[in-house]
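Dropping the structure in here first, questions after.
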Amino acid sequence: MIPAIRGTHDILPGEIERWQRAEQVVRDVCERYGYREIRTPVIEREELFAKGTGETTDIVQKEMYAFEDKGGERVTLRPEATPSMVRAFVEHALEQRLPTVKIFSLGPMFRYERPQKGRYRQFHQLDVEVFGVADATLDAEVVEMAAALVDALGIDDAEVVLNSVGCAECRPGFSRALLAALGDRAADLCGDCRRRAAVNPLRIFDCKVPSCQPIVDALPHATDYLCDPCRSHFEATTALLKALDVDFRVSHRLVRGLDYYTRTTFEIRGGRLGAQNALLGGGRYDGLVRQLGGPDRAGIGFAAGMERLVLAMPEGPGPRAPDAFIVALGDAARQSAHRLARDLRRAGLTVLIDYGDRSMKAQLRRANRTSARHVLILGEDELARASVTVKHMASGGETLVGRQDVVRMLTADPASAEQPAPKRGLSVLADDEPEGGPGDVEQPAPKRRLRVPDTAV
RNA sequence: GUGAGUGUAGCUCAAUUGGUAGAGCGCCGGACUGUGGCUCCGGAGGUCGCGGGUUCAAUCCCCGUCACUCACCCCA
C-alpha cells in the first residue's frame, strides 16, 4: 500500500456530509453579507508570501512547500489565502468591477507543520476579505458576520476575542513601551520570549509558559498606546459590535502571528478542539495592498479553519435515504430492472440497484442497509404480468403495481408534493400526469427541503 | 524542529511471564426453492507497522525506523 502523505487526510463518506453542511452554511452566510466567491490558484510565486505574509513569520521561514519549478521559478503551495486575494484584487482591478469588493474563497492551504488535532499539512480555509473600506462600521460587520457564521454552524461554545494592535504610527511606540516595561525582567523570560522580544515584542503576549505569566500580566496594553485615529476607530468598532448584540471580550493578549495586521484583530475560539482552539482569526491590514504593489487601499478579513469548524460542529443527519432499491431476479428481469431504474432516475428519484446474480435475500439485505424507502421487486412473475412488486420497507407491506404506473406512484408521494417548485431541469419526463396517484397508504419520511436561492440584494 | 503515548482482522479492542493469535461489530452464506431488519448456525478475512538483533524459537525482549495521536512550537 502507498499511504497518504503525512498531515493530509481523506474525507470519507460519513464525514463528508458534515463538510457539505459546513460549506453550504458558509456559502449562505457569505452571500447574505454580500460577498462574492473567487477561486485562486493553490500555487503562487514564493515572493507573494514573503512580501505579503511576512519574511519574519514562521509560516514563511519554515512552513512553506516552496520549490523551484522546471522553468526555474521560485513557487510555493499557498500557506494562506490573503496574499492571493490581494494579488487577484490588484491584478484584475476588482474595484472597477465590483461595487464594493467583498470576496470569499474556500480551498486547501499547505503548511509543513507537525500534525496534531485540528492541524494538518493540507488543510482547508474559508477566507473572507474586503478591500477599499477603512470605516470602523465594516470592522464591526466583519466580526459580527464571523460570529454569525459560527452560530449558523451550530457551534455554541465559541468566544469572540477582540483587540487593536494599532497602526504604523503608534505601534512602534507601543513596542518600545513593552521593552521598557520589560526592563531587566527580560532575562527571566523563557527562551522563546527572549527571542520574541528581539524580533516581534507583541508576540510575547502569546506565551503560555507559566513562569512568564506574571511578567506578561504586568506588561502595558496595546489599547493604551493607540494614536487618536486608532483609538477612535477601536471605540467605534466596539460600540457598533455592542449595538449589534455581539458578545465579545477585549483581550490585550490577542496578537496575531502575521505581520500585516493593523488596528482591529480578532479571533473566535471554540471548545472540543484541544490546543488548536482558534476556529477563525483575522483583522485589518490597511497597508498590505500597497505593500504588494497595488493602490493604497484598506483591507480587512478573516480566515476560518474548515477542519476545525467541522470538528466543532454538532452531529447532523446522515446521507439521504434512497427513494427505491430495485431487486431483480433472473437475467430476463435484470434488463427490465435497469430500464426501470433509468426511468425513475429521470423522474428525479434516487434509485439503487444491485449488480450480478445475487439471491433475493442478499439483495434485500443490501436494500435494507441503504435505508431505501421502497424495494421494487422484478422477477419472472412480475415480468410476465408487466408489473412490479412495490414493497414499503418500514411497514413490510407490498402491492403489485403495473409497470407503467410505478414512476407515477413513487413520484406522487405526499412528501414531495409539498415542494412543487424544485427539481429544476429534471422534470422533463415526470409530471405530465394530474396529481394524486393511486391510493398510497405509505407514509415515507419527509424529503429534505431543497434550498431556495436568496436573490435579494 | 522537541517531548510523551500508541501501532494485532475492514472497525473497536483482547491475549500470549518468548512456543507464530481471539472476541464484538461489519462482511459472505445457511436456517426460510422469490422477501430485509430480530434470532441461531457456519464461513471468509491477520507479513501481530517495517527492518535488524538476541534466542532452538520473537507479536512479546533489545536497537533502529516509519506512521498515528496528543502536547510544545506555530496557527485556521
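Labels below follow one simple rule: chain letters A, B, ... track the order of the sequence lines, proteins then strands, and each chain is numbered from 1.
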Where do N or O atoms of nucleotides 7-13 of chain B meet protein N or O atoms at under 3.5 Å, pair by pair?
none

Margin query: Categorize A:Arg308 for me: base, sugar-phosphate, or nothing, with a 4.0 angstrom heavy-atom threshold over every strand shown.
Written below: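 Here A:Arg308 touches the bases of the nucleic acid.
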Check: Whole-Å distance between B:C75 P and A:Leu311 CG?
Finding: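 Checked: the CG to P distance equals 20 Å.
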Margin query: Could you tell me how far B:G24 sits from B:A9 if I compare only their C1' atoms? Round to whole Å.
Written below: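 Each nucleotide's C1' atom is 12 Å from the other's.
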Check: Where the side chain of A:Arg6 is concerned, which of B:C74, B:A71, B:A67 is the nearest nucleotide?
Finding: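 For the A:Arg6 side chain, the nearest candidate turns out to be B:A67.
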Next item on the list: Assign A:Asp381 to base, sugar-phosphate, or nothing according to its heavy-atom contacts below 4.0 angstrom with the strands shown.
Entry: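 It contacts base atoms.
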Check: If you measure from the P atom in B:U47 to the same atom in B:U59, how many Å do you get, rounded?
Finding: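 The same atom, P, in both gives a distance of 13 Å.
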Check: Would you say the base of B:C74 and the side-chain of A:Arg119 have a donor-acceptor pair closer than 3.5 Å?
Finding: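 Answer yes: a donor N or O sits under 3.5 Å from an acceptor.
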Next item on the list: Return the minimal non-hydrogen interatomic distance between A:Leu226 and A:Phe234, and the atom names on each side.
Entry: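 Closest heavy-atom pair between A:Leu226 and A:Phe234: CD1-CB, 4.2 Å.
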Next item on the list: Quick one: stems involving RNA chain B, counted as three or more successive Watson-Crick or G-U pairs, both distances short of 3.5 Å.
Entry: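 Correct response: B:1-7 with B:66-72, B:10-13 with B:22-25, B:27-31 with B:39-43, B:49-53 with B:61-65.
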Item checked: B:C60 versus B:A21 - spacing of their C1' atoms, nearest Å ->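 Their C1' atoms lie roughly 12 Å apart.
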Margin query: Can you see if the side chain of A:Gln116 gets near the phosphate of B:C72 - specifically, an N or O under 4.0 Å from OP1 or OP2?
Written below: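 Looking at the OP1 and OP2 atoms of B:C72, one of them is under 4.0 Å from a side-chain N or O of A:Gln116.
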Checklist line | Distance test, side-chain N/O of A:Arg114 to OP1/OP2 of B:G3, below 4.0 Å | finding: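 A:Arg114 to B:G3 OP1/OP2: no side-chain N or O under 4.0 Å.
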Next item on the list: Would you check if the side chain of A:Thr411 reaches a backbone N or O of A:Arg408 as a donor-acceptor pair within less than 3.5 Å?
Entry: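 At least one qualifying donor-acceptor pair exists.
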Checklist line | Nearest-nucleotide pick for A:Ala362, side chain only, options being B:U35, B:G29, B:C72 | finding: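 Minimum distance to the A:Ala362 side chain belongs to B:G29.
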Margin query: Could you tell me how far B:C61 sits from B:G19 if I compare only their P atoms? Round to whole Å.
Written below: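 My reading of the P atoms in B:G19 and B:C61 gives 12 Å.
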Checklist line | Distance between P atoms of B:A15 and B:A23 (Å, rounded) | finding: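 It works out to 15 Å between them.
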Check: Which part of the nucleic acid does A:Glu380 contact within heavy-atom distance under 4.0 Å: base, sugar-phosphate only, or nothing?
Finding: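 Result for A:Glu380 = base.
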Next item on the list: Report the nucleotide, chosen from B:U35, B:C74, B:G29, that has the shortest atom-to-atom distance to any side-chain atom of A:Arg365.
Entry: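 That would be B:G29.
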Item checked: Any A:Arg121 side-chain N or O less than 4.0 Å from OP1/OP2 of B:A76 ->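 Checking B:A76 against A:Arg121, no side-chain N or O comes under 4.0 Å of OP1 or OP2.
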Item checked: Euclidean distance for C1', B:C48 against B:G43 (whole angstrom) ->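 23 Å, rounded to whole Å.
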Notebook entry, point to check: Within this structure, what is the CG-to-C1' distance between A:Leu383 and B:G34, rounded to whole angstrom?
Noted result: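 These atoms are roughly 14 Å apart.
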Next item on the list: Could you tell me whether A:Gly330 contacts a base, only the sugar-phosphate backbone, or nothing, with contacts defined as non-hydrogen atoms closer than 4.0 Å?
Entry: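 Touches nothing.
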Margin query: Counting only side-chain nitrogens and oxygens, does A:Arg369 get under 4.0 Å of the OP1 or OP2 atom of B:C27?
Written below: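 Result: yes.
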Next item on the list: Please state the C1' separation for the pair B:U69 and B:U12 - nearest whole angstrom.
Entry: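 16 Å, rounded to whole Å.
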Notebook entry, point to check: Could you state the CZ-C1' distance from A:Arg366 to B:G29, rounded to the nearest angstrom?
Noted result: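 Atom-to-atom, A:Arg366 to B:G29, this comes out as 13 Å.
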Notebook entry, point to check: Atom CG of A:Asn277 and atom P of B:C70: how far apart are they, to the nearest Å?
Noted result: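 Taking atom P of B:C70 as the reference, CG of A:Asn277 is at 14 Å.
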Margin query: Expressed as a whole number of angstroms, how long is the span from A:Glu63:CD to B:A76:P?
Written below: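 Rounding to the nearest Å, CD of A:Glu63 and P of B:A76 are 10 Å apart.
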Next item on the list: Tell me what A:Leu280 touches on the nucleic acid: a base, only sugar-phosphate, or nothing, going by heavy atoms under 4.0 Å.
Entry: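 Touches sugar-phosphate only.
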Check: Looking at A:Glu31 and A:Arg27, does any basic side-chain N land under 4.0 Å from a carboxylate oxygen?
Finding: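 Salt bridge between A:Glu31 and A:Arg27, a charged N being under 4.0 Å from a carboxylate O: no.
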Next item on the list: Can you tell me, in whole Å, how much space there is between the P of B:U20 and that of B:C63?
Entry: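 These two P atoms come out 25 Å apart once rounded.
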Notebook entry, point to check: Looking only at N and O atoms, is any donor in the side chain of A:Lys361 or the base of B:U35 less than 3.5 Å from an acceptor on the other one?
Noted result: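 Answer no: no donor N or O sits under 3.5 Å from an acceptor.
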Notebook entry, point to check: With no angle test and no hydrogens, is the base of B:G37 tied to the side chain of A:Asn368 by a donor-acceptor pair under 3.5 Å?
Noted result: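 Flag unset: no donor-acceptor pair detected.
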Next item on the list: Starting at atom CD1 of A:Ile59, determine the distance to atom P of B:A76, rounded to an integer number of angstrom.
Entry: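 Going from CD1 in A:Ile59 over to P in B:A76 covers 6 Å.
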Next item on the list: Give A:Ala303 one of three labels, base, sugar-phosphate or nothing, depending on what nucleic acid heavy atoms sit under 4.0 Å from its own.
Entry: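 Sugar-phosphate, no base atom in range.
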Check: Looking at B:G37, B:G34, B:A76, which one has an atom nearest to any side-chain atom of A:Glu382?
Finding: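 Closest nucleotide among those given: B:G34.
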Checklist line | Euclidean distance, atom CG of residue A:Leu254 to atom C1' of B:C74 [Å, nearest integer] | finding: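 After rounding, the reported distance stands at 15 Å.
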Notebook entry, point to check: To the nearest Å, how far apart are A:Met64 CE and B:G1 P?
Noted result: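 Atom-to-atom, A:Met64 to B:G1, this comes out as 18 Å.
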Margin query: Looking at A:Glu315 and A:Arg18, is any side-chain nitrogen of the basic one under 4.0 Å from a carboxylate oxygen of the acidic one?
Written below: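 Salt bridge flag = yes for A:Glu315 with A:Arg18.
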Item checked: Option from A:Thr370, A:Ile377, A:Asn368 for which side-chain contact (heavy atoms from CB on, under 4.5 Å) with A:Phe325 holds ->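 Testing each of A:Thr370, A:Ile377, A:Asn368 against A:Phe325, the sole residue satisfying side-chain contact (heavy atoms from CB on, under 4.5 Å) is A:Thr370.
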Note to self: Between the side chains of A:Arg111 and A:Asp58, is the shortest nitrogen-to-carboxylate-oxygen separation below 4.0 Å, so that they form an ion pair?
What the structure shows: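 Here A:Asp58 does not pair with A:Arg111 in a salt bridge, since their nearest N and O are not under 4.0 Å apart.
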Note to self: Under 3.5 Å, is there any donor-acceptor pair linking the side chain of A:Glu398 to the base of B:U35?
What the structure shows: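 Indeed, a donor on one side and an acceptor on the other fall under 3.5 Å apart.
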Check: Between B:A76, B:U35, B:G1, which one does the side chain of A:Glu113 approach most closely?
Finding: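 For A:Glu113, the side-chain atoms sit closest to B:A76.
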Checklist line | Distance-only donor-acceptor check, side chains A:Arg87 and A:Thr40, under 3.5 Å | finding: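 Checked: A:Arg87/A:Thr40 side chains show no N/O donor-acceptor pair below 3.5 Å.
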Notebook entry, point to check: Between A:Gly379 and A:Ala394, which is nearer to the 5' end of RNA chain B once each is assigned its nearest nucleotide?
Noted result: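 Closest to the 5' end, via its nearest nucleotide, is A:Gly379.
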Note to self: Once you apply a heavy-atom cut-off of 4.0 Å, does A:Gly7 come out as touching a base, just sugar-phosphate, or nothing?
What the structure shows: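 A:Gly7: backbone/sugar contact only, no base atoms under 4.0 Å.
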